[in-house]
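Excluded from the calculations below are hydrogen atoms, water molecules and symmetry mates; all remaining heavy atoms, backbone and side chain alike, are included.
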4 protein chains.
Amino acid sequence: MPAHTFVPAYTINMEYNPKQLQIIAVAERLFAAKGFSATSIRDISQEADINVSMVSYYFGSKEKLIEALFEVRSRDFRTRLDVLLTDLDLSPFQRVNLMIDGIIDRITEKQCFHNIVVREQLSTDGRTPVISKLLQELKLGNLKAMENIIHEGQKLGVFRNDVDVLLLSTTLFGTINQALSTKSFYRVVYGLEQLSEEEQESHMKEKLRIHLKKLFRGMLTTELNDAVSS
Amino acid sequence: MPAHTFVPAYTINMEYNPKQLQIIAVAERLFAAKGFSATSIRDISQEADINVSMVSYYFGSKEKLIEALFEVRSRDFRTRLDVLLTDLDLSPFQRVNLMIDGIIDRITEKQCFHNIVVREQLSTDGRTPVISKLLQELKLGNLKAMENIIHEGQKLGVFRNDVDVLLLSTTLFGTINQALSTKSFYRVVYGLEQLSEEEQESHMKEKLRIHLKKLFRGMLTTELNDAVSS
Amino acid sequence: MPAHTFVPAYTINMEYNPKQLQIIAVAERLFAAKGFSATSIRDISQEADINVSMVSYYFGSKEKLIEALFEVRSRDFRTRLDVLLTDLDLSPFQRVNLMIDGIIDRITEKQCFHNIVVREQLSTDGRTPVISKLLQELKLGNLKAMENIIHEGQKLGVFRNDVDVLLLSTTLFGTINQALSTKSFYRVVYGLEQLSEEEQESHMKEKLRIHLKKLFRGMLTTELNDAVSS
Amino acid sequence: MPAHTFVPAYTINMEYNPKQLQIIAVAERLFAAKGFSATSIRDISQEADINVSMVSYYFGSKEKLIEALFEVRSRDFRTRLDVLLTDLDLSPFQRVNLMIDGIIDRITEKQCFHNIVVREQLSTDGRTPVISKLLQELKLGNLKAMENIIHEGQKLGVFRNDVDVLLLSTTLFGTINQALSTKSFYRVVYGLEQLSEEEQESHMKEKLRIHLKKLFRGMLTTELNDAVSS
DNA sequence: AATGAATGAGGTTTCATTCAT
DNA sequence: AATGAATGAAACCTCATTCAT
């Protein structure tokens with residue numbers, strides 16, 4: 001092998017070229033639909049209309065491909081998160097509502113990736129340390145952001161003090177994820193079969209927004225006493 | 001019992017023999033840990049200490065094995081669900097709290113199966129009609145049970161009338177699923193590394209119970225007005 | 001294993017009990033339809049409504065089963081052949097025609113077995129010495145019988161002297177086999193689709209009889225001169 | 001050429017590359033010797049000195065391999081058939097003799113393939129629609145060609161009018177097939193053990209030619225009256 | 001830079017057979 | 001005498017990856 005030229009694309013490794021991004025996009029869709037193991041490199045290369053060997057060529061391996069996918073998408077999120085919450089001058093409830101809207105939008109927008117994230121979280125033997133680390137950071141970032149908002153509200157005396165932010169965040173993400181993954185059940189129950197895919201999605205998003213805002217309001221508002229004895 | 005004509009047991013009746021149940025149990029654990037596709041029949045047979053061909057022998061195929069798994073566990077759930085909620089003479093809130101406890105117990109008890117269920121729900125191209133149908137029934141049963149309880153509370157004037165039961169159920173299951181799938185993150189954040197597996201789990205369950213009961217109380221209680229305008 | 005009782009059925013090996021004959025009958029049908037290798041013991045046991053292990057139990061192996069099949073059917077033929085041709089007082093042509101009728105009847109009657117015989121003959125690496133030997137004897141018997149009849153006709157000056165009996169026999173059996181194996185093509189060409197299976201078969205048999213008798217007459221009759229120069 | 005999307009060559013066009021043709025050649029020999037089912041992909045790949053997975057790679061499956069085999073060989077025949085019979089200016093008998101020679105040559109030349117064809121015809125549940133169709137076309141082509149020749153002879157008053165062309169064709173192919181499949185018996189009977197394989201074959205071919213030409217002459221010649229009463 | 005032919009490991013499944021009962 | 005649970009080998013096929021070009 002001619003050594004001077006055999007520096008495979010994937011060793012450059014921080015910037016991805018258009019072809020790589022295209023492959024990542026296709027892989028994202030398929031991994032979301034069928035799962036990582038059930039998706040073959042042939043599936044991907046077929047849908048992306050590229051040669052089978054391109055995945056290995058560009059990423060080194062299938063494993064590395066999903067790592068690249070996580071790297072790219074994680075970066076997206078990190079950037080978007082901070083922007084949303086720090087600049088504006090808003091009341092705590094407005095801020096919470098904005099956060100809820102932001103997260104719903106973000107997740108529904110990148111539904112495929114979130115689907116993959118959920119799958120990865122389910123895996124006991126984490127796919128790979130790289131992904132585990134990225135996921136951990138992602139989740140920690142989310143948690144810190146929410147903590148900031150809520151602590152601010154608490155300092156202002158608007159929010160209760162006994163708020164379990166982790167569980168609240170768990171409810172927020174859990175509800176959205178659950179809603180998305182049972183979309184078809186949702187359609188049946190609400191009788192939305194005649195609506196288009198998009199109409200149905202925006203319908204569900206709207207309902208979700210209202211539901212989660214009400215929920216957060218209930219959990220954060222001071223007047224509620226905590227007498228919950230089963 | 002696999003007969004001489006190779007008609008596996010489950011096509012005759014719905015009884016599985018001890019060996020089959022053992023295989024199902026092993027498969028359940030592995031499918032939960034790695035996913036269906038990533039789990040090979042060899043993995044299963046190795047852990048179950050049986051011959052590779054026994055899976056095909058007892059179930060016909062890997063596909064049929066997971067179907068059997070769903071059939072067995074679904075049956076468990078159906079039976080347990082009704083019992084819990086119909087007989088006792090309780091207040092609406094007591095009933096709701098009992099339901100929450102019941103569902104938390106049920107899911108944490110059959111964590112592996114629930115993990116698999118979540119994975120299946122994520123799959124766009126449902127593994128197989130058999131499983132889709134069972135899942136649909138399961139979810140419908142859950143929803144109906146919750147509707148019964150809440151409607152009763154509404155008739156008694158204890159609960160608000162504008163409750164979206166489907167979304168509430170989504171939050172309930174979504175929160176529990178999310179909590180379980182991010183268990184290790186939970187451990188890090190709460191600094192529970194020194195606790196044993198079981199101690200940690202019961203700690204989390206306890207927190208979950210309180211959180212969800214508070215949450216339901218907030219969403220169902222009448223005094224809360226619904227002014228949530230972002 | 002208790003030695004005194006473990007003399008498996010198949011070692012007795014000259015007489016077959018009803019169960020064995022039933023298995024042989026089913027195997028015959030399936031081997032004819034799909035070939036030996038393509039027919040599994042499970043296929044056989046399913047159709048015969050017996051346990052899978054019965055084939056090994058009664059015959060020792062699948063291989064031995066087909067040997068048994070050949071033994072049983074070969075015996076049938078040997079007995080039937082001689083009877084037909086030696087006793088009656090007939091003209092040579094009458095005798096030839098009787099032979100043709102007899103062979104057509106015999107083959108169509110035991111079509112499955114003949115199908116298997118043809119398959120075996122095609123196999124370069126003869127299934128097993130046992131079968132090769134039986135087949136050889138069978139063919140030799142057929143040839144001798146035909147030689148007897150023809151030599152007698154020659155002695156009487158009714159038949160030509162330059163008859164190649166082997167090739168004539170080849171034509172006789174080859175034509176019948178070919179006709180049977182292209183039965184469905186025959187049906188299409190003659191437009192017999194509306195006839196029942198049996199009607200069609202008797203139609204074909206009748207045509208075959210006439211054709212072959214005419215053919216033999218042509219080949220055996222003296223007046224034809226042999227000037228065949230391409 | 002198997003493209004990156006794993007669409008094997010033959011689905012794009014009907015050209016097979018040298019490697020594929022080599023595999024087909026090996027498969028042809030083994031299928032002829034042992035039958036389709038009894039021949040494993042391992043057998044083929046071993047004899048062809050290629051990797052086991054190449055068969056699936058080049059043809060998709062074992063099933064598709066035999067289909068490819070039939071496609072290639074069928075094409076051969078179709079082209080050769082017409083050429084032979086249309087151009088020359090010959091007497092009807094010359095033409096028939098030429099046809100007989102041609103068919104004998106063709107079959108002995110492609111003996112393996114013909115062996116496989118005979119096996120396929122014997123299968124009640126035709127291997128696959130593709131093969132059934134090709135076989136049907138092949139047989140129909142043969143029949144039409146023979147009909148043309150014979151009808152011409154009839155128009156010229158040289159051949160009898162009551163000729164059953166289908167049965168005559170059955171006899172022609174049946175005799176050749178039978179002769180080839182009982183080659184070893186033929187050797188024993190004629191005492192040709194000391195001859196080489198090729199010498200023996202040409203000996204048999206010569207005998208076959210004479211036999212079949214005489215036979216056709218007898219069946220087609222007008223003077224023979226049809227008094228065949230058993 | 002990119003291809004596609006080729007590989008070998010490993011996947012699921014089917015097979016004939018055995019063995020304890 | 002007969003069963004059926006269980007086995008291990010081998011079947012076909014798919015997989016991710018490599019390598020020469």
Rounded to whole angstroms, how far apart are [atom1] on [X] and [atom2] on [N]?
| X | N | atom1 | atom2 | result |
| --- | --- | --- | --- | --- |
| B/Met54 | E/dT17 | CE | P | 19 Å |
| B/Lys62 | E/dT14 | NZ | C1' | 17 Å |
| A/Ile50 | E/dT3 | CD1 | P | 8 Å |
| D/Phe59 | F/dC13 | CZ | P | 13 Å |
| A/Tyr16 | E/dA1 | OH | P | 17 Å |
| C/Tyr58 | E/dT17 | OH | P | 17 Å |
| C/Leu30 | E/dA16 | CG | P | 12 Å |
| A/Gln20 | E/dA1 | CD | C1' | 12 Å |

Q. When you measure from every atom of DNA chain F, which of residues 33-48 of chain D have a heavy atom less than 4.0 Å away?
A.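 Within residues 33-48 of chain D, the residues near DNA chain F are D/Thr39, D/Ser40, D/Ile41, D/Arg42.
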Q: Please say which of B/Ile23, B/Ile24, B/Ile131 ends up in a side-chain contact (heavy atoms from CB on, under 4.5 Å) with B/Leu69.
A: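 The side-chain contact (heavy atoms from CB on, under 4.5 Å) with B/Leu69 is passed solely by B/Ile24 among B/Ile23, B/Ile24, B/Ile131.
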Q. Starting at the 5' end of DNA chain F, which residue's closest nucleotide do you reach first, D/Ser53 or C/Ser53?
A.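 On the 5' side of the pair lies C/Ser53.
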[X]: which residues meet the side chain to side chain contact (heavy atoms under 4.5 Å, CB included) condition with it, sequence neighbours left out?
| X | value |
| --- | --- |
| D/Lys19 | D/Asn17, D/Gln22, D/Ile50, D/Tyr58 |
| A/Ala33 | B/Thr124 |
| A/Ser37 | A/Arg127, B/Ser37, B/Ala38 |

Q. Are OP1 or OP2 of E/dG4 and a side-chain N or O of A/Asn51 less than 4.0 angstrom apart?
A.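 So the side-chain polar atoms of A/Asn51 do come within 4.0 Å of the phosphate oxygens OP1 or OP2 of E/dG4, strictly under.
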Q: Report yes if a side-chain nitrogen or oxygen of B/Tyr57 is closer than 4.0 Å to either non-bridging phosphate oxygen (OP1 or OP2) of F/dA5; otherwise report no.
A: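 Indeed, a polar side-chain atom of B/Tyr57 lies that close.
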Q: Could you list the residues that satisfy side-chain hydrogen bond (donor to acceptor under 3.5 Å, both in side chains) with A/Thr39, not counting sequence neighbours?
A: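 side-chain hydrogen bond (donor to acceptor under 3.5 Å, both in side chains) list for A/Thr39, sorted by chain: empty.
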(Q) For A/Glu28, is there an ion pair with A/Lys110 - N to carboxylate O distance below 4.0 angstrom? (A)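 Here A/Lys110 does not pair with A/Glu28 in a salt bridge, since their nearest N and O are not under 4.0 Å apart.
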(Q) Test: salt bridge (charged side-chain N to carboxylate O under 4.0 Å, His left out). Region: residues 31-40 of chain D. Which pairs qualify, not counting sequence neighbours? (A)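 For residues 31-40 of chain D: D/Lys34-D/Asp43.
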Q) Which pairs count as salt bridge (charged side-chain N to carboxylate O under 4.0 Å, His left out) when at least one residue sits in residues 44-63 of chain D, sequence neighbours excluded? A)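 Listed once each, the pairs are D/Arg29-D/Glu47.
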(Q) Tell me every residue that passes ring-ring contact (aromatic ring centres under 6.0 Å, His included) with C/Phe36, counting only those two or more places apart in sequence or in another chain. (A)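 Result, ring-ring contact (aromatic ring centres under 6.0 Å, His included) vs C/Phe36: C/Phe31.
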Q: Quick one: the dot-bracket string of DNA chain E, using Watson-Crick and G-U wobble pairs with both distances under 3.5 Å, [ ] for crossing pairs and | for bases paired to another strand.
A: .||||||||||||||||||||
